[in-house]
Amino acid sequence: MRTIIEPFRIKSVEPIRMTNREERISFLEAAHYNLFSLDSEHVIIDLLTDSGTSSMSANQWASMMRGDESYAGSPSYDRFHKAVYELMPFTNIIPTHQGRAAEKILFSIIGGKGKYILNNTHFDTTRANIEFSGAEAIDLVIAEGKIPSSEHPFKGNMDIEKLEAFIKEKGAENIPLVMLTITNNSGGGQPVSMENIKATKYVCMKYDIPLFIDACRFAENAWFIKMREPGYENVPVKTIVQEIFSYADGCTMSAKKDALVNMGGWLAMNNAEWAEAARNLLILTEGFPTYGGLAGRDLEAIATGLEEVIDEDYLHYRISSTQYLASHLIEAGIPIVRPAGGHAVYIDARAMLSHIPALEYPGQALAVEMYLHAGIRACEIGTVMFGMQANGTEVAAPMDLVRLAIPRRVYTQSHIDYVIEALTEINQNKQDLSGLKIVWQPKQLRHFSARFMPLNLKEKQKENFSKAFAASL
Ligand SMILES: *Cc1c(COP(=O)(O)O)cnc(C)c1O
């Protein structure tokens with residue numbers, strides 16, 4: 001049999017409210033054409049993010065009933081610790097309420113002015129926490145990682161030559177940490193090879209710099225190693241995961257990704273001094289070291305999630321479903337970032353809507369049309385997100401992408417077929433799409449709350465729009 005099916009059946013369902021185009025026009029107007037401002041009940045297929053949106057299994061829900069809510073020394077912490085240690089055997093494992101809390105604590109300890117943190121590509125909260133500490137975040141992904149059409153199998157790899165040159169130039173004493181983000185989220189969810197992890201570790205050892213892994217999608221990365229890296233075809237995913245972490249001195253983790261839960265994270269490391277400082281900070285903001293901002297039941301759900309996420313039937317289905325979406329979009333002539341990442345497919349909206357200039361936001365135009373046409377919510381990653389400069393001017397971002405992030409175990413193949421059909425139809429009439437203009441924006445992080453006006457409104461509509469807008473202020 002060649003058909004790949006969802007390796008689960010459904011016991012509990014969440015109804016999706018169907019809407020028509022007319023309703024969606026009014027919802028979107030009320031949201032000022034910003035998809036972050038929509039009520040999720042008005043979305044049919046929500047591909048805004050894969051973070052914290054996983055379905056939990058019957059076993060995870062059962063584990064939650066076992067959660068022990070003691071303030072200190074809960075057996076749920078032991079179960080959490082055992083499950084993490086099994087895959088990532090660091091001597092200190094500290095739970096946090098999500099990934100960025102682990103980052104904040106880590107960089108409060110080792111960051112600071114004059115320091116550099118190196119990474120293949122820093123995720124945005126990682127970069128923000130490093131910069132908040134006064135340190136600089138440096139991205140050193142290989143050149144192929146920045147070329148959307150390049151089919152390199154491990155586009156998340158660190159550029160080893162650049163890494164060593166940077167260390168030599170700035171001095172190892174100014175580099176408290178090197179990180180590897182697996183998979184490379186901000187670089188399109190692209191994996192890092194075992195060979196590259198080893199080579200990065202080798203350079204780190206040479207200069208006595210610890211290597212930490214941003215582990216959010218460690219299981220998806222391990223599956224790509226099994227599928228694409230010679231010598232790993234027959235190695236169990238669990239063994240691959242253990243090998244990955246054997247090269248690291250610590251990790252940060254968002255359990256909202258590959259621990260298959262809706263909230264949680266951890267910080268782990270072998271350095272006892274750093275760990276002591278981390279636990280002290282943890283008590284200030286997160287909680288006692290055996291719960292770190294989580295309930296006992298959350299720790300139980302993570303422990304069970306970690307067993308399920310390395311299941312090879314699950315990973316086969318997971319990566320196949322992303323690739324199924326990608327290959328059908330390619331067939332329909334829609335330009336995407338290649339090859340597909342683990343958790344998302346990125347449409348190259350600037351190439352698809354080449355008649356819309358970057359400063360009229362082709363990514364936003366496509367995301368808006370996906371919602372109007374079929375109730376699908378996706379995320380612009382382009383000029384709306386990155387175009388505003390610190391000096392108040394606006395420039396085109398390097399790319400205008402629309403990210404279709406796939407929540408884990410949530411949608412079936414027919415949902416994905418629906419997305420493919422919608423995008424195929426939009427692509428056939430893409431000449432009709434036009435750009436947008438921003439009519440209001442905050443000083444920072446404008447993509448979350450900016451208000452837009454479509455540029456193709458007729459005069460009468462514009463008048464109504466202006467009136468409604470004035471009334472809303
Ligand atoms: C999501 C994510 C984080 C931050 O985790 P949160 O749980 O959202 O705080 C850090 N790094 C990467 C690569 C991520 O994808």
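Start at 1 and go down the list; that is how both ligands and their atoms are numbered. Values below: all heavy atoms of this structure, side chains included; hydrogens, waters and symmetry mates excluded. This one's a predicted model, so the numbers in the text were calculated from it and none came from an experiment.
For ligand 1 and Arg217, the ligand atoms under 4.0 Å from any heavy atom of the residue are 15 (O). Within the listing of ligand 1, atoms 10 (C), 11 (N) sit less than 4.0 angstrom from a heavy atom of Glu103. Residue Thr125 has at least one heavy-atom neighbour below 4.0 Å for each of these atoms of ligand 1: 3 (C), 4 (C), 10 (C). Near Lys257, meaning under 4.0 Å from one of its heavy atoms, ligand 1 places the atoms 1 (C), 2 (C), 3 (C), 5 (O), 14 (C), 15 (O). Below 4.0 Å from some heavy atom of Lys256 lie the following atoms of ligand 1, by number and element: 7 (O).
The nearest protein atom to atom 8 (O) of ligand 1, hydrogens excluded, is given as Arg100 NH2, 3.0 Å; this is a heavy-atom distance. Scanning the protein for heavy atoms near atom 11 (N) of ligand 1, the closest one is Asp214 OD2, 2.7 Å. Nearest non-hydrogen protein atom to atom 7 (O) of ligand 1 is Ser254 OG, 2.6 Å.
Heavy atoms of Cys216 approach ligand 1 to within less than 4.0 angstrom.
At least one donor-acceptor pair under 3.5 Å links the side chain of Glu69 to the backbone N or O of Arg297. At distances below 3.5 Å, not a single donor-acceptor pair connects side-chain atoms of Tyr314 with backbone N or O atoms of Arg409. At least one donor-acceptor pair under 3.5 Å links the side chain of Asn174 to the backbone N or O of Lys170.
Relative to the six-membered ring of Tyr346, Lys155 misses at least one condition, a distance below 6.0 Å or an angle of at most 45° to the axis.
Where the criterion is an N or O separation shorter than 3.5 Å, residue side chain and backbone included, Thr181 fails it with respect to ligand 1. For Gln98, a nitrogen or oxygen atom sits less than 3.5 Å from a nitrogen or oxygen atom of ligand 1, counting backbone and side chain alike. Taking distance alone, with nitrogen or oxygen atoms compared against 3.5 Å, Gly99 approaches ligand 1 more closely than that limit.
For the residue pair Met263 and His97, the shortest heavy atom distance occurs at SD-O, 3.3 Å. Closest non-hydrogen pair, Asp258 versus Leu306, comes out as O-CD2, 4.0 Å.
Partner of Tyr317 under the ring pair (Phe, Tyr, Trp, His ring centres under 6.0 Å) criterion, chosen from Tyr324, Trp223, Phe8: Phe8.
Partners of Tyr371 under the ring pair (Phe, Tyr, Trp, His ring centres under 6.0 Å) rule, at least two apart in sequence or in another chain, do not exist in this structure.
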